[in-house]
Enquirer: 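Please see the structure below; I have some questions.
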2 protein chains.
Amino acid sequence: MALTPSPLAYVPFVSVENMMKLVHRVGVETFLKELADRIEDDFRRWPLFDKTPRVAAHSADGVIELMPTSDGETYGFKYVNGHPKNMKDGLQTVTAFGLLASVETGYPVLLSEMTVLTALRTAAMSAMAARHLAHENARVMAMIGNGAQAEFQALGMKAVCGIDTVRLWDIDRRATDKVVRNLEGSGLKVVACDSAEEAMEGAQIVTTCTADKQFATILTDNMVGAGVHLNAVGGDCPGKTELHRDILARSTIFVEYPEQTRIEGEIQQMDPDHPVTELWQVITGDAPGRTGPDQLTLFDSVGFAVEDFSALTYVRDKLEGTDLFDKLDLLADPDDPRDLFGMLQRAAP
Amino acid sequence: MALTPSPLAYVPFVSVENMMKLVHRVGVETFLKELADRIEDDFRRWPLFDKTPRVAAHSADGVIELMPTSDGETYGFKYVNGHPKNMKDGLQTVTAFGLLASVETGYPVLLSEMTVLTALRTAAMSAMAARHLAHENARVMAMIGNGAQAEFQALGMKAVCGIDTVRLWDIDRRATDKVVRNLEGSGLKVVACDSAEEAMEGAQIVTTCTADKQFATILTDNMVGAGVHLNAVGGDCPGKTELHRDILARSTIFVEYPEQTRIEGEIQQMDPDHPVTELWQVITGDAPGRTGPDQLTLFDSVGFAVEDFSALTYVRDKLEGTDLFDKLDLLADPDDPRDLFGMLQRAAP
């Protein structure tokens, strides 16, 4: 009796297994599309969110971050690490989990794996930005860097922007082969290329998602043609960039949260007052997006807490009526809130 | 097959039920004593810890906080809320959970309930401070405020400092009656009193742990005799204090982390440069503790991340060889770290 917690004390928990089941039940592309819409909805009410820079604990091997935000009703945070050297030990570079809580009571209402979910939200975010910034008739994407994020990016751009072709390049051919294999039967035309230049031929959207390099220059200025939309995903922490600064100088740059992007994004290479447009203002119509066919647009993506919030609330809503969660006995819930000790005593064997 | 996560992906999880079992297996007093020793060990290496002020999300109804720290090997954080109005809805004012992770890989290694554990660590912290600051022969404690923390404080002071008597007072007699009932058979002489003054008669340690009051004055200057050790637990956020400032003016004040205590503790009533001693320096011998029998010592306790870290690592060590945890499928762990999408695909029904 004393050992049976009340329903109040239970927190729904989405394991990796249940997250994958949920994604398949919804369908990967539908999931990406609906999540892109959810993120867009939240970006539309951007000023309402409590925006805190992430809280980072740096070490020689990597970083552990807490990313909290709140819309006044629901509080959310993500735990995420970044340890580039993990990969050679057979571990994930990035693992993550997240939590939602009621602002009114402070009680957690959802705990979820977020390694799979972050991959989905990052692709949904890229696709949502491209929907506003790329050519409307963009059908070909170059995917530079064919790691863990590549397939998600390709399917997100297909579901949200209607691309039909993805052209792949990676310094490691095995990574490219993996993507080719995984995208078989996806409906996308998939082309493995021998260089970044080749991959970019005819592409209206160019996504860069490489990792582990200090101030790498994956793309140089002469490689990027007029009218392209650049989706720079890989540069996301101090010292980690992918694009030559000449590209930045001639791009119209869109960001999530300037305070964070100036530290972590491609624009860390530029002056601290280099002009950028906040993407949420494009969505609300307060700032222009693409203004002409030859304009080079750049989404300097670093990932922001609001996107994780959107992903967690989306999952919370999708869970309703399913059994795709466990009930976690995470919260003590004594009959009399002042009698925590009595609860402990009654649990004595 | 694809749905069976590897051992790497599992995070040990301590539920409320298992935490209570662990406490009973160890014994409440032994748990408090060993935890006090663990906190003392960590305070002895205080400069080594990464100390960040807690990250708070305030709302009209309460606050949700993240409290991270790290000793360079292990990273820990606690999620904790404070919602005073919860109690009238039958909810806990404070709920909490915590996590430990490896600094080297960023992988979580323990997730634990911390509502019960925080009650224990707060009492262990108070007792550890009193061991250094109270009269060596202190045997009587006054307990002002008989809420959820009261029994833990009494047993902690018994286990660590050897008190044999606790004198209780609360504005709500039912709270006092609850503590009397819960401490039956504890070996402590328990005296229910009709006023704070009466409770303090003959007490060498005075613990205040009241809640929910804006700048309350639970104790006034004339009530506190020479030589007493004051353990002020209840004042722990901006606008929440328990002691009259005249008491503070004649006390030698000890704190956990001055940057935080000046905002949240009793000393928020004093000048920002009012002299305080950091408790860790008393433990290392770098600062004096009690210097005479008539000195009024005050531990202005607010709770700091390092104490939660100590509590979580203590629990982690105690779990070894037990079955008092569940294995949580919190982390995605694809065979090939770059092939997260392949893992998702193979999980398709």
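Every value quoted in this text rests on a predicted model; they were computed, and no experiment measured them. By convention in this document, chain letters (A, B, ...) are assigned in the order of the sequence lines, proteins followed by strands, and residues within each chain are numbered from 1. Atoms considered below: every heavy atom in the structure, side chains included; atoms not considered: hydrogens, waters and symmetry mates.
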Enquirer: Which one of B/His83, B/Gln345, B/Met19 has the most heavy-atom pairs closer than 4.5 Å to chain A?
Expert: B/His83
Enquirer: Please check: side-chain N/O of A/Glu113 versus main-chain N/O of A/Leu117, any donor-acceptor pairing under 3.5 Å?
Expert: yes
Enquirer: What do the steps show when you test B/Thr322 against B/Lys21 for side chain to side chain donor-acceptor pair (under 3.5 Å), and what is the final call?
Expert: CA-CA 11 Å; B/Thr322 76; B/Lys21 283 184 180 166; over 6 Å; no
Enquirer: Is any side-chain heavy atom of B/Phe13 less than 4.5 Å from a side-chain heavy atom of A/Leu330?
Expert: yes
Enquirer: In terms of heavy-atom proximity below 4.5 Å to chain B, should A/Ala96 be classed as side chain, backbone, both, or neither?
Expert: backbone
Enquirer: What part of A/Asp170 gets within 4.5 angstrom of chain B, counting heavy atoms only: side chain, backbone, both, or neither?
Expert: neither
Enquirer: Any carboxylate oxygen within less than 4.0 angstrom of a Lys/Arg side-chain nitrogen, looking at B/Asp339 and B/Arg346?
Expert: yes
Enquirer: What option among B/Thr115, B/Asn18, B/Asp50, B/Asn86 has the most heavy-atom pairs under 4.5 Å with chain A?
Expert: B/Asn86
Enquirer: Output the option from B/Ala348, B/Gly72, B/Gly147 having the highest count of non-hydrogen pairs under 4.5 Å with chain A.
Expert: B/Ala348
Enquirer: For A/Lys327, look at atom NZ and say whether over 12 heavy atoms of other residues, nucleotides or ligands are found less than 6.0 Å away.
Expert: no
Enquirer: Name the member of B/Val116, B/Val55, B/Leu66 that forms the most heavy-atom pairs with chain A at distances under 4.5 Å.
Expert: B/Leu66
Enquirer: With a 4.5 angstrom heavy-atom cut-off, is it the side chain or the backbone of A/Val103 that approaches chain B, or both, or neither?
Expert: both
Enquirer: Relative to chain A, which of B/Ala148, B/Pro68, B/Gly106, B/Ala57 shows the most heavy atom pairs under 4.5 Å?
Expert: B/Gly106
Enquirer: Can a donor-acceptor pair be found, under 3.5 Å and without considering hydrogens, that links the side chain of B/Asn81 to the backbone of B/Thr95?
Expert: yes
Enquirer: What part of A/Phe341 gets closer than 4.5 Å to chain B, counting heavy atoms only: side chain, backbone, both or neither?
Expert: both
Enquirer: So which residue, B/Pro334, B/Gly82, B/Ser70, B/Gly62, ends up with the most heavy-atom pairs under 4.5 Å with chain A?
Expert: B/Pro334
Enquirer: Salt bridge (charged side-chain N to carboxylate O under 4.0 Å, His left out), that's the test. Do A/Lys78 and A/Glu65 meet it? Break it down for me.
Expert: CA-CA 8 Å; A/Lys78 178 163 85 167; A/Glu65 298 177 329; over 6 Å; no
Enquirer: Would you say the side-chain atoms of B/Glu104 pair up with the backbone N or O of A/Asp61, donor to acceptor, closer than 3.5 Å?
Expert: no
Enquirer: Considering only heavy atoms, which portion of A/Ser102 lies under 4.5 Å from any heavy atom of chain B: side chain, backbone, both, or neither?
Expert: backbone
